[in-house]
Every structure is written in C-alpha cells, then in structure tokens.
Amino acid sequence: MRLSLIALFVSFTSLAQSSPESAGWIDRLNLAGALPEKLLSTRTAAFYDYRLSAQEIEALQQYFQRTGIDAVAYFELDMLMAGKDVTNAFSAYLTRREIQNLVFVEKEKNYRITITLFNGKENVVDAQQNAWSISNPVFTEALKTLYRTAANQLKRTNLLINELPETDITINPILGKRNEFFAIDLKVDPLAVPRTGDENIDKKLERIFQEHYPLKYKLTDPGVPEKELRKQGLLYVMCVVHTRSVVAKRVLGYDMTKAESAQVSVTYSEGQSQLKNIPSNTDVYKVYFKHIDSGNVFLGTKWDADLTLEQAIINQLRGLKVELRLN
C-alpha cells in the first residue's frame, strides 16, 4: 500500500530521510511536472536550504520579483517536515495566508529549485504530485531558467511584490500550553506510542517502553489520527521532532537569544545522566508528550535531544522516571 507523505514524515524511519542533507521527501514528488498554472497570479511560500547565504536569499527574491512570483514568506527548508505537529502548523499558516504555491531551494553540489502546489491538507504536499524542478551548479543560472520558463508559459498578474525576503516569520506548532516539565497525569492516563511501520524499529520501540516506562501505554498503528487515539481511551501521545538541533529548539519555543555553535543535551548511559555537546547544525531527535484534548505539550525539564531516535526516547523516559519518582 502506498503511504501518503504525511504518514512518511511522521514515521520515525522516514524522519531520517527528511534531513537537510538528503531532503528525500522532495524526491518523492513528480519532478517532471510543469510550473503551477497560477504561479504568477497567486501567493507563494519559499523554503530554502539553511546553507544559502543572505546574498543568495536576496538574489532569490529579486528574481522572484522580476519573474512575478509573489513570495510572501521565507522559511528554512528543514523546518517544514521536522515533525507532524510542525508540518500541521505550516499547513494552517499557508491556509490562513491563502498561499497556493511552494518553492523549495536546495544547496548541494548543485542548486536545485523545485516548485509545486500546496495541496491544502495537513501534509502540505502529496507523494508523486507534480512539481517543476531545475538543477544547476550556478545559482543565478537556475534562477534565469526559472524566469525564462515562467515568462514563456504563464500569465503574470502579480505586480506589487516585496523587494526583500520576509524571513522572520514564526511558526508555532504548539496549540496548547508549552510546559518544560513532565505531565504528572501520565501516572494515571495512558500514553499512545505510534509504531513506525518498520518491524525492526518497532521491536526496539516495544523493548524500550517495556524496560523504561512503568506507566500505562499502548503501541498504536502508524498514521492513526489523534482523534481516533482519543476514542481508544488514550489521552496522551508521544511526538517527535527531527531536524537540526538549533531548529528543533527554535520550533519548540526554547530561548534562542544566544547564538551557540553547539547545544548541550542531557543523555543517559547505563542509567547515569551526562552532558553531551551536539553541534547546532547536526540532526537530532527530540521526544515530547502531548495531551490530545488540550494540545498542551510537555517537553521535560531538560533539553534531552539526541542523535538517534532510540536514545532520544530513552533520555525522555529516564528523565520522566527521575522527575516523577517512578521505580
């Protein structure tokens, strides 16, 4: 059975594929498609590789203005699919701003510009939906190709377009209260733990909870909506963010006033806590618990993101046991 992109993104196995280095979810689009028909008459959001310089981002907006692409918002690319709650928040923002088009700009050996439609759903884009894409080792050459293609194929009605990119927009994935502690109600309320669909990973997931979580929980099928989990009597759900450490902290509302080259994370080894320095642009997993009815999020008392999903879950569960004084 073909999974939709939203199922792929919230699956723990595919979270690793949505890193800024691979951006594998973009490759799941049909990159042989045409430009969106109303690209030059409707609003667009741009998602750019964090390795683009400020000058390159300004050049991008200048070419958009010349072309007629009304890019009203800019975000770092690896934020979009950092986790289910984050992607849902982006979907709500795009809907509210009446944005119809999405531009993805990657920077590897070549620059790649991909343009597609916002599907209007929580997963933002569907697997195999049509997208136009151009790749070139020279950024301005890729932009020139976009300009020529759009000018030859599309009718322009967008006229009043910003000269400078809007890059300071905040997306908040937390609908309820944000709490830097653990939910004491977990002592009595059951927790939903979504399976990934990967048999090997799910076996590890089951083992981790058997060994480290003495409270009520239930392993659930991947992709089950939270409303359905609630109908099953599950009041909390385990959630995961997977992206660069600095982005994970930012989207979860941590204080980012100090620029840091590394993030200090609490991890557990052989039952003992220790500190680990993780470079800010290194991909990490951060686990947290969410109350389904209220949307309240419980992040734990310490920043405990880690390099693997398995260790990130152990860090969160060990911290919970210590704080709630569980055996």
Side-chain angles (χ1 to χ4, degrees), residues 2 5 8-9 14-40 42-82 87 90 94 99-119 123-154 156 158 161 165-167 242-244 247 281 283:
R2 175 179 291 176
L5 274 190
L8 288 167
F9 293 140
S14 66
L15 283 167
Q17 298 172 357
S18 64
S19 68
E21 288 74 23
S22 64
W25 59 270
I26 294 179
D27 291 321
R28 296 190 184 100
L29 302 173
N30 173 21
L31 300 180
L35 288 169
E37 183 178 352
K38 296 183 178 180
L39 178 64
L40 306 188
T42 53
R43 290 179 172 179
T44 296
F47 295 85
Y48 61 92
D49 194 305
Y50 76 93
R51 291 166 291 195
L52 259 64
S53 66
Q55 291 78 10
E56 288 172 325
I57 297 172
E58 289 182 7
L60 180 62
Q61 180 63 14
Q62 289 170 6
Y63 268 92
F64 283 169
Q65 185 183 44
R66 187 182 310 172
T67 304
I69 298 174
D70 187 14
V72 297
Y74 278 72
F75 303 97
E76 292 176 340
L77 177 60
D78 53 338
M79 286 180 61
L80 180 58
M81 299 300 174
T87 305
F90 269 110
L94 296 171
I99 292 170
Q100 295 190 26
N101 316 293
L102 307 174
V103 176
F104 308 125
V105 183
E106 301 165 89
K107 184 178 182 179
E108 295 288 345
K109 293 180 180 178
N110 292 330
Y111 294 87
R112 183 167 70 167
I113 302 172
T114 302
I115 303 178
T116 191
L117 289 172
F118 167 44
N119 66 5
N123 59 345
V124 178
V125 290
D126 293 314
Q128 293 302 309
Q129 78 174 49
N130 287 336
W132 180 90
S133 188
I134 183 66
S135 181
N136 197 296
V138 181
F139 191 39
T140 53
E141 291 302 315
L143 292 171
K144 288 176 183 177
T145 300
L146 169 59
Y147 170 78
R148 290 192 296 266
T149 304
N152 291 331
Q153 297 180 1
L154 305 177
R156 173 176 179 170
N158 287 335
I161 298 174
E166 295 287 340
T167 60
H242 177 236
T243 182
R244 286 178 295 132
V247 173
N281 286 326
D283 282 3

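Residue numbers run from 1 in the order of the sequence given.
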Looking only at heavy atoms, which two atoms of [X] and [Y] are closest? And how far apart?
{"X": "Pro36", "Y": "Leu117", "answer": "CB-CD2, 3.7 Å"}
{"X": "Glu37", "Y": "Leu154", "answer": "O-CD2, 3.6 Å"}
{"X": "Asp283", "Y": "His242", "answer": "CB-NE2, 3.9 Å"}
{"X": "Ala142", "Y": "Ile113", "answer": "CB-CD1, 3.9 Å"}
{"X": "Thr114", "Y": "Ser133", "answer": "OG1-OG, 3.2 Å"}

Please round to the nearest 0.5 Å and tell me the distance separating atom [atom1] of [X] and atom [atom2] of [Y].
{"X": "Gln128", "Y": "Arg28", "atom1": "CD", "atom2": "CZ", "result": "10.0 Å"}
{"X": "Leu80", "Y": "Phe90", "atom1": "CG", "atom2": "CZ", "result": "6.0 Å"}
{"X": "Leu52", "Y": "Glu58", "atom1": "CG", "atom2": "CD", "result": "11.5 Å"}
{"X": "Thr140", "Y": "Leu60", "atom1": "OG1", "atom2": "CG", "result": "12.0 Å"}
{"X": "Asp126", "Y": "Asn119", "atom1": "CG", "atom2": "CG", "result": "4.5 Å"}
{"X": "Leu146", "Y": "Leu35", "atom1": "CG", "atom2": "CG", "result": "6.5 Å"}

Ionic contact status for Arg112 with Asp27, cut-off 4.0 Å: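 Counted as a salt bridge, because a side-chain N and a carboxylate O are separated by less than 4.0 Å.
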Summary of salt bridge (Lys or Arg N to Asp or Glu O under 4.0 Å) pairs that have at least one residue in residues 137-148, sequence neighbours excluded: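 Residue pairs passing salt bridge (Lys or Arg N to Asp or Glu O under 4.0 Å), neighbours aside: Glu141-Lys144.
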Within residues 62-71 or reaching into it, pairs that qualify as salt bridge (Lys or Arg N to Asp or Glu O under 4.0 Å) - sequence neighbours excluded: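 Residue pairs passing salt bridge (Lys or Arg N to Asp or Glu O under 4.0 Å), neighbours aside: none found.
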Is any side-chain heavy atom of [Y] closer than 4.5 Å to one of [X]?
{"X": "Val124", "Y": "Thr87", "answer": "yes"}
{"X": "Glu108", "Y": "Arg51", "answer": "yes"}
{"X": "Leu29", "Y": "Val125", "answer": "yes"}
{"X": "Met81", "Y": "Trp25", "answer": "yes"}
{"X": "Tyr48", "Y": "Leu77", "answer": "no"}

Pairing residues for [X] by the side chain to side chain contact (heavy atoms under 4.5 Å, CB included) criterion, not counting sequence neighbours:
{"X": "Thr44", "answer": "Leu39, Ile69, Asn101, Val103"}
{"X": "Asn130", "answer": "Asn30"}
{"X": "Ala73", "answer": "Phe75, Tyr93, Ile169"}
{"X": "Gln61", "answer": "Phe64, Ala71, Tyr74, Ile161, Asn162, Pro165"}

Set of residues satisfying side-chain hydrogen bond (donor to acceptor under 3.5 Å, both in side chains) with respect to Gln129, sequence neighbours excluded: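 Once residues adjacent in sequence are excluded, the partners of Gln129 under the side-chain hydrogen bond (donor to acceptor under 3.5 Å, both in side chains) criterion are Thr116.
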Partner residues of Asn158 under the side-chain hydrogen bond (donor to acceptor under 3.5 Å, both in side chains) criterion, sequence neighbours left out: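 Applying side-chain hydrogen bond (donor to acceptor under 3.5 Å, both in side chains) to Asn158 gives none.
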From CA spacing to verdict: side-chain contact (heavy atoms from CB on, under 4.5 Å), Leu40, Thr67: CA-CA 8 Å; Leu40 306 188; Thr67 304; 4.1 Å; yes
Parallel, tilted or perpendicular: rings of Phe104 and Phe47 (30°, 60°):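 Plane angle between 30° and 60°, so tilted.
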Residues which pass ring-ring contact (aromatic ring centres under 6.0 Å, His included) with Phe139, listed by chain and number, not counting sequence neighbours: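 Phe139 satisfies ring-ring contact (aromatic ring centres under 6.0 Å, His included) with Tyr111 once adjacent residues are dropped.
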Chi angles and distances behind the side-chain hydrogen bond (donor to acceptor under 3.5 Å, both in side chains) call for Asn110, Asn136: CA-CA 5 Å; Asn110 292 330; Asn136 197 296; over 6 Å; no
Salt bridge (Lys or Arg N to Asp or Glu O under 4.0 Å) involving Glu76 - partner list, sequence neighbours excluded: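 Partners of Glu76 by the salt bridge (Lys or Arg N to Asp or Glu O under 4.0 Å) criterion, ordered by chain and then number, come out as Arg244, Arg250.
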Over 12 foreign heavy atoms within 6.0 Å of NZ, Lys107: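 Enclosed: over 12 neighbouring heavy atoms sit under 6.0 Å from NZ of Lys107.
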